Amino acid sequence: MDGFTFPHFPPTKSFAQFALFRQVENAAQLRKRIIEASTMEGEKGESEREAVNFAFIEAKLITSRLHLQTAIHQAILAFTQDALKTKYVHSEILFALNPTNNITEAIRRYGVSDTTTDMIVVRVGDVALPPSNAQELMKDVVIGHIVPFSELEEITDWAAIKKYYKLNSEPAIKALKGAEERTAIDKIVVSTVAMKSVMQ
């Protein structure tokens, strides 16, 4: 388990805990569960929505820890300012990650899909929630192995990221190779996420 603390936000909205899951076995069932929970009524619906009250992120589209942190910050900022473009702070993280303002596209690209095998799970909430509790809540819904976040380096699909951010024809990117190219892409992606709310 890992986390980001944003002390300039209210205590109940200032802590984001996250874990990188690999070899996820129940992505299709989880996606179905999330969709069904959104339409359930009554106490059962509330209970089920709370059980899946996370951001489930396609890990291959995350370039770095800073990329994730920036998207979470933007989502919490919108949350505290009553400026969410989506219904919940966790879906707002997916929206922040997507380079366009299309919410459906953001959820389809960055959210869990039937074929997801590597997933980042994020819980935004109170600083009082112990990491061990958050981890158990995540493991209750995701069948997979929690691994060190450093393994993201093995997962990131740089070709897909270049496609989504329309970087394949950028001369500055085409001139770079290997680690230099990845560093440049990461900087562009992080800057795009950070500027998204300003550009809207």
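For clarity, every value in this text was computed on a predicted model and none was experimentally measured.
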Which residues pass the salt bridge (charged side-chain N to carboxylate O under 4.0 Å, His left out) test with Arg22, sequence neighbours left out?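 Only Asp118, Glu151, Glu154 meet the salt bridge (charged side-chain N to carboxylate O under 4.0 Å, His left out) criterion with Arg22.
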Are any non-hydrogen side-chain atoms of [X] and [Y] less than 4.5 angstrom apart?
X      : Y      : result
Ile146 : Leu20  : no
Ile57  : Val121 : no
Glu58  : Met119 : no
Ile173 : Ile188 : yes
Thr183 : Glu180 : no
Ile120 : Phe56  : no
Asn98  : Lys196 : yes
Met138 : Met1   : yes

Using salt bridge (Lys or Arg N to Asp or Glu O under 4.0 Å), reason through Arg123 and Glu50 one step at a time and then give a plain yes or no. CA-CA 11 Å; Arg123 175 79 172 231; Glu50 180 58 26; 2.6 Å; yes
Tell me if the aromatic rings of Phe4 and Phe15 count as close, with their centers under 6.0 Å from one another.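 They do not qualify: ring centres at least 6.0 Å apart.
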Residues [X] and [Y] bridged, charged N to O under 4.0 Å:
X      : Y      : result
Glu105 : Arg109 : yes
Arg65  : Asp2   : yes
Glu48  : Lys32  : no
Lys87  : Glu92  : no

Pairwise distance [atom1]([X]) to [atom2]([Y]) - rounded to 0.5 angstrom:
X      : Y      : atom1 : atom2 : answer
Ile35  : Leu30  : CD1   : CG    : 10.0 Å
Lys162 : Leu167 : NZ    : CG    : 8.0 Å
Gln135 : Phe18  : CD    : CZ    : 12.5 Å
Ile72  : Gln74  : CD1   : CD    : 11.5 Å

Donor-acceptor pair between Asn53 and His90 side chains, under 3.5 angstrom: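 A pair is found: one side chain offers a donor N or O, the other an acceptor, under 3.5 Å apart.
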Are side-chain N/O atoms of Asp126 and Thr12 paired as donor and acceptor at under 3.5 Å?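 No, because no side-chain N or O of Asp126 sits under 3.5 Å from a partner of the opposite role on Thr12.
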Does Lys139, at its NZ atom, have more than 12 non-hydrogen atoms belonging to other residues, nucleotides or ligands within less than 6.0 Å?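 No, because the 6.0 Å sphere around NZ of Lys139 holds 12 heavy atoms or fewer from other groups.
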If you count the non-hydrogen atoms of other residues, nucleotides and ligands that lie under 6.0 Å from CD in Glu41, is the total more than 12?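 No - once you tally the heavy atoms of other residues, nucleotides and ligands closer than 6.0 Å, there are 12 at most.
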Exercise: identify the closest heavy-atom pair between [X] and [Y]:
X      : Y      : answer
Leu61  : Ala160 : CD2-CB, 3.9 Å
Met40  : Gly45  : CB-CA, 3.4 Å
Ser64  : Asp186 : OG-OD1, 2.7 Å
Thr5   : Pro7   : O-CD, 3.3 Å
Ala28  : Asp114 : CA-OD1, 3.5 Å
Leu176 : Ala184 : CD1-CB, 3.6 Å

For side chain to side chain contact (heavy atoms under 4.5 Å, CB included), just list the numbers for Ile185 and Glu181, CA-CA rounded to whole Å, side-chain angles, deciding distance to a tenth of an Å, and then say yes or no. CA-CA 6 Å; Ile185 292 170; Glu181 180 192 43; 3.7 Å; yes
Checking Phe9 now: which residues fulfil side chain to side chain contact (heavy atoms under 4.5 Å, CB included) with it, not counting sequence neighbours?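 Side chain to side chain contact (heavy atoms under 4.5 Å, CB included) list for Phe9, sorted by chain: Phe6, Ser14, His73, Ile76, Leu77, Thr80.
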Should Ile62 and Leu152 be marked as a side chain to side chain contact (heavy atoms under 4.5 Å, CB included) after you check the CA-CA gap, both sets of side-chain angles, and the distance that decides it? CA-CA 8 Å; Ile62 302 302; Leu152 181 69; 3.9 Å; yes
Run the side chain to side chain contact (heavy atoms under 4.5 Å, CB included) check on Asn133 and Glu136 step by step: do they pass? CA-CA 5 Å; Asn133 288 24; Glu136 287 307 310; 5.8 Å; no
Taking [X] for its side chain and [Y] for its backbone only, find out whether a donor-acceptor pair lies under 3.5 Å.
X      : Y      : answer
Thr86  : Tyr88  : yes
Thr70  : Leu66  : yes
Ser191 : Lys187 : yes

Flag this pair as yes if the NZ/CZ of Lys13 is under 6.0 angstrom from the six-membered ring centre of Phe79 and inside a 45 degree cone about the axis; otherwise no.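 Here Lys13 passes the 6.0 Å and 45° test against Phe79.
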As a quick check of understanding, evaluate side chain to side chain contact (heavy atoms under 4.5 Å, CB included) for Thr63 and Trp158, giving each step before the final call. CA-CA 8 Å; Thr63 59; Trp158 295 96; 3.7 Å; yes
Linking I/L/V/M/F/W/Y whenever their side-chain heavy atoms sit closer than 4.5 Å, directly or via other members, would [X] and [Y] fall into one cluster?
X      : Y      : answer
Ile103 : Tyr165 : yes
Val142 : Leu68  : no
Ile155 : Val147 : yes
Ile161 : Phe95  : yes
Phe149 : Val193 : yes

